[in-house]
Chemist: 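Here it is, the structure, as structure tokens.
Because only heavy atoms are used, hydrogens play no part in the values below, and waters and symmetry mates are left out as well, while side chains stay in. Order of the sequence lines sets the chain letters (A, B, ...), proteins ahead of strands, with each chain counted from 1.
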There are 2 protein chains.
Amino acid sequence: MSNIKNLKEFAQLAGVSTATISRALSGTGRVSEETRERVAALAERLGYQPNATARNLRTQRTMTIGVLVPLGHEAAQHLSDPFFNTMTGFLADALSDHGYDLLLSRVLPKGDRWLDRYIGSGKVDGIIVIGQSTEFAVIETVSRRYLPMVVWGGQVSGQNHCSVGSDNRKGGALAIRHLIERGCRRIAFAGPTQGPEFGERLQGVKQVLRETGLSETLIELPSHFEPGAAFEDIRAQLEGIAAMPDGIVAGSDVTAIGVLRALQALDIDVPGQVKVIGYDGLPVGAQVSPPLTTIDQQLRHGAGMIVDLLLRRLAGETTESRMIEPILIVRAST
Amino acid sequence: MSNIKNLKEFAQLAGVSTATISRALSGTGRVSEETRERVAALAERLGYQPNATARNLRTQRTMTIGVLVPLGHEAAQHLSDPFFNTMTGFLADALSDHGYDLLLSRVLPKGDRWLDRYIGSGKVDGIIVIGQSTEFAVIETVSRRYLPMVVWGGQVSGQNHCSVGSDNRKGGALAIRHLIERGCRRIAFAGPTQGPEFGERLQGVKQVLRETGLSETLIELPSHFEPGAAFEDIRAQLEGIAAMPDGIVAGSDVTAIGVLRALQALDIDVPGQVKVIGYDGLPVGAQVSPPLTTIDQQLRHGAGMIVDLLLRRLAGETTESRMIEPILIVRAST
DNA sequence: CAGCAATGCACAATCGATTCCACAAACTGC
DNA sequence: GCAGTTTGTGGAATCGATTGTGCATTGCTG
């Protein structure tokens, strides 16, 4: 390998000006075919590549998208959360398909300036926020003056920021209908209570219960977000329960897995005695036993949609929020 | 929010030179305390932040570390792999503790220049490679001329590149000894066969078997890397097996989870009829049922170590590879 | 063959910071 | 009160690319 440090040096070796090199390598502007080929060959041979930072400065674009995971109170636990990690992976794929890099940032939201600070640094061309968490208001405010931002999460009426997420109400309804069809009558809803997404899912469940005249029987089992704590929460509540439910809708797959473990710890058969359905469609759901019935949010598809919308916004378009169709995936837990 | 675009503009508003602003905000160089405070207050009020790209160009550092996941043949599947995702999360934490950002890249290794290309672009100050996969040779070559690189993976004698990983041979030995203590006599090893790490783990197992005079009985159950395919591989092999093993060492937790499912599908009780032990210590292992006994590689600790070594190399030190002590975590699968 | 357009290339400005150097003012010691 | 240091600040070079403008040279048309 050689020691070409910069364009100027390379240009001298090639015997042309830096301008010509730049145009030859980027394929823009008028350069003779012969020169272009000669330069390209030399660059390949010497291993020359234009410096990304300098280019970014000059072109005012970084070709990098920041992915932010706002960590709420349960900071330490989120890090290994399968949902975020899975989503990040899909986003990385979708972005790299379009030539963008992914800058991953764990953010502890502090005050209401954390998003501004991130944007102001100019490290990225646009941002993707995974989950509104407790930061809905901050995101909403920023979205009014900063366009290239797309959020994974729930969608409420009147919302300004562009979000992508499944139709949580519909998904909740799907879940509960499935349990009812399977014969469940004493239904419980397990999961975290805060955040717009979970609320909507719960609403979907309640609505169907009302419609079918079962509404009196809904049991609520609040739990933490994090897998281990969720398991403990659920187990503690189920252990002392007066009448065991025969069907449990979980607010997420992570919660559902906690529910499965709790039931197993209490020696309750799934799906024999209790049926369990999750929400998310994480790959890991297929790997637990019994494999988890769930509402699939089509995360891979969602990631593609997020990136697509973001690119449009980067180009100046204004885009509407999108809902993803939730899909029932029946496995062995119901 | 205001519309300060750059240092020059801000300097005019503040009534001092750009040089002074820069020094005041960065805290380097000689600036009177009074000026410093005034500038800082104004910057806070106007929301001014120096442009990261320009700074990167001038200082010749990006404060960004690239994390590369070389995808072997099983490209499509790796993306949702819990191991990579977990590791990436821990690395993100460790890096941000030191003020570095994490640039995530999925790389399809093509030819032997992919690493050079990545380094040559100048987007990052250093790189972390997760898993040597089939790219051991490329990594080794590059490591001779490019210092700021640390690799998660196995360590072989004479290796030049700096790697961090558990003592795979020792870990394999730990796993098999545990099974033997639990009374297992017909041992199987399940998992992918390529890659230095898995090989070492298998060697550890074999060595202990030899020492205890059980070596004749090792059954090998090769499988794909990816969870779903691994499950199928294992199930197919166990289904037609002449004599079922009573203890299975899996090459990774992901494989182990596939083994658990395969056994469940065949209606074989774990740990009653067959005991299963994994390798990695992924959080998800605690969430499956039965919770997985495993060899913990202390990934969080490992990530911290990788970052620590990388920072040293960035500072010009040469560093040796490190082994992480594998730890037996006993759960319900054995 | 003159006149004009198209082509290929080089010069120099520019992106937005950091930092070396110079210089003036304030301070020190004798 | 003067020489010598310290302190605070500004001017200008610099990082490494991209790109607008201008100047030859070549090719084409009538």
Side-chain angles (χ1 to χ4, degrees), chain A residues 2-40 42-43 46-64 99 101 117 119-125, chain B residues 2-40 42-43 46-64 99 101 117 119-125:
Chain A
S2 66
N3 352 343
I4 304 297
K5 291 195 328 287
N6 54 30
L7 179 53
K8 201 193 250 178
E9 208 171 280
F10 179 62
Q12 272 163 3
L13 275 175
V16 289
S17 75
T18 61
T20 299
I21 302 277
S22 176
R23 285 192 263 259
L25 291 179
S26 68
T28 69
R30 300 177 308 203
V31 185
S32 76
E33 191 52 36
E34 189 212 324
T35 309
R36 185 201 309 287
E37 277 170 19
R38 199 165 53 77
V39 168
L42 191 62
L46 298 180
Y48 169 77
Q49 276 184 275
N51 179 287
T53 306
R55 167 187 292 160
N56 292 346
L57 177 59
R58 177 62 227 238
T59 60
Q60 301 285 70
R61 334 174 52 201
T62 61
M63 294 306 283
T64 298
D101 286 317
R117 245 189 284 280
I119 294 166
S121 72
K123 283 187 287 208
V124 299
D125 292 342
Chain B
S2 65
N3 353 344
I4 304 297
K5 293 196 328 286
N6 54 30
L7 179 52
K8 202 193 251 178
E9 208 172 280
F10 179 62
Q12 270 163 5
L13 275 174
V16 290
S17 74
T18 61
T20 300
I21 302 278
S22 176
R23 283 188 280 250
L25 292 179
S26 69
T28 68
R30 300 176 306 204
V31 186
S32 76
E33 191 52 37
E34 188 212 325
T35 309
R36 185 201 309 287
E37 277 170 20
R38 200 166 53 78
V39 167
L42 191 62
L46 298 180
Y48 169 77
Q49 275 184 274
N51 179 288
T53 307
R55 167 187 293 158
N56 291 346
L57 176 59
R58 176 62 228 237
T59 60
Q60 300 287 68
R61 340 173 47 200
T62 62
M63 296 305 282
T64 299
D101 287 316
R117 243 188 287 279
I119 294 166
S121 72
K123 283 187 287 211
V124 299
D125 292 342

Chemist: Rounded to whole Å, how long is the line connecting atom CG of A:N6 with atom P of D:dT14?
Modeler: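 In whole Å, D:dT14 P and A:N6 CG are 13 Å from each other.
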Chemist: Tell me whether the count of non-hydrogen atoms from other residues, nucleotides or ligands lying under 6.0 Å of CD in B:E34 goes above 12.
Modeler: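 No, CD of B:E34 has 12 or fewer neighbouring heavy atoms, counting only those of other groups under 6.0 Å.
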Chemist: Ignoring backbone atoms, establish whether B:Y48 has a side-chain N or O less than 4.0 Å from OP1 or OP2 of C:dA17.
Modeler: yes
Chemist: Can you check the A:K123 NZ to C:dA17 P distance for me, whole Å?
Modeler: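 Going from A:K123 (NZ) to C:dA17 (P), I get 14 Å.
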Chemist: Please list, in numerical order, the residues of residues 20-30 of chain B that have a heavy atom closer than 4.0 Å to any atom of DNA chain C.
Modeler: B:S22, B:R23
Chemist: Tell me what A:Q49 touches on the nucleic acid: a base, only sugar-phosphate, or nothing, going by heavy atoms under 4.0 Å.
Modeler: sugar-phosphate
Chemist: Hey, does the side chain of B:N51 come within less than 4.0 Å of C:dG16's phosphate (OP1/OP2), counting only N and O?
Modeler: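 Checking B:N51 against C:dG16: no side-chain N or O falls below 4.0 Å of OP1 or OP2.
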Chemist: Between B:E33 and A:P50, just flag the one whose closest nucleotide in DNA chain D comes earlier from the 5' side.
Modeler: B:E33
Chemist: In this structure, how many angstroms lie between the P atom of C:dT18 and the CD atom of B:Q60, rounded?
Modeler: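 The distance from CD of B:Q60 to P of C:dT18 comes to 14 Å, rounded to the nearest Å.
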Chemist: Nearest to the side chain of B:A19, heavy atoms from C-beta on, is which of D:dG10, C:dA17, D:dA17?
Modeler: D:dG10
Chemist: Please state whether the phosphate of D:dC15, meaning OP1 or OP2, lies under 4.0 angstrom from any side-chain nitrogen or oxygen of A:T53.
Modeler: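 Checking A:T53 against D:dC15: no side-chain N or O falls below 4.0 Å of OP1 or OP2.
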Chemist: Contact class for A:T35 (heavy atom, under 4.0 Å): base, sugar-phosphate, or nothing?
Modeler: sugar-phosphate
Chemist: Provide, to the nearest angstrom, the distance between the CD atom belonging to A:E34 and the P atom belonging to C:dT7.
Modeler: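 Between P of C:dT7 and CD of A:E34: 17 Å.
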Chemist: Closest to the A:T18 side chain: C:dT19, D:dA17, D:dT18?
Modeler: D:dT18
Chemist: Under the criterion side-chain contact (heavy atoms from CB on, under 4.5 Å), which of A:N56, A:L57, A:D101, A:T53 is the partner of A:T62?
Modeler: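 Looking at A:N56, A:L57, A:D101, A:T53, the match for A:T62 under the side-chain contact (heavy atoms from CB on, under 4.5 Å) is A:N56.
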Chemist: Could you state the atom-to-atom distance from CZ of B:R55 to C1' of C:dT19 in whole Å?
Modeler: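 For the pair B:R55 CZ and C:dT19 C1', the rounded distance is 13 Å.
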Chemist: Quick one: are A:K123 and B:T64 in side-chain contact, heavy atoms under 4.5 Å?
Modeler: no
Chemist: Could you tell me how far apart B:N56 (CG) and D:dC15 (C1') are, to the nearest whole angstrom?
Modeler: 11 Å
Chemist: Could you tell me which non-hydrogen atom of A:M63 sits nearest to which non-hydrogen atom of A:D125, and how far apart they are?
Modeler: N-OD2, 2.8 Å
Chemist: Are the side chains of B:Y48 and B:L25 in touch, meaning some heavy atoms are under 4.5 Å apart?
Modeler: yes
Chemist: Quick one: B:F10 CZ to C:dT18 C1', roughly how many Å, whole number?
Modeler: 16 Å
Chemist: What's the shortest heavy-atom distance between A:R117 and B:Q49, and which atoms?
Modeler: O-OE1, 2.9 Å
Chemist: Using heavy atoms to find the nearest nucleotide of DNA chain C for B:T59 and A:T59 separately, return the residue whose nucleotide is more 5′.
Modeler: A:T59
Chemist: Where do A:R55 and A:P50 come nearest, in terms of heavy atoms and distance?
Modeler: NH2-CG, 3.2 Å
Chemist: Given that B:V31 and A:R58 both sit by DNA chain D, which one's nearest nucleotide is further toward the 5' end?
Modeler: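 Going by which nucleotide is closer to the 5' end, it is B:V31.
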Chemist: Can you figure out which of C:dA10, C:dA17, D:dT19 approaches the side chain of A:S17 most closely?
Modeler: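 So the side chain of A:S17 is nearest to C:dA10.
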Chemist: What is the distance from NZ of A:K5 to P of D:dT14, rounded to the nearest Å?
Modeler: 13 Å
Chemist: I need the A:N6 CG to A:N51 CG distance, nearest 0.5 Å.
Modeler: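 Here the interatomic distance stands at 9.0 Å.
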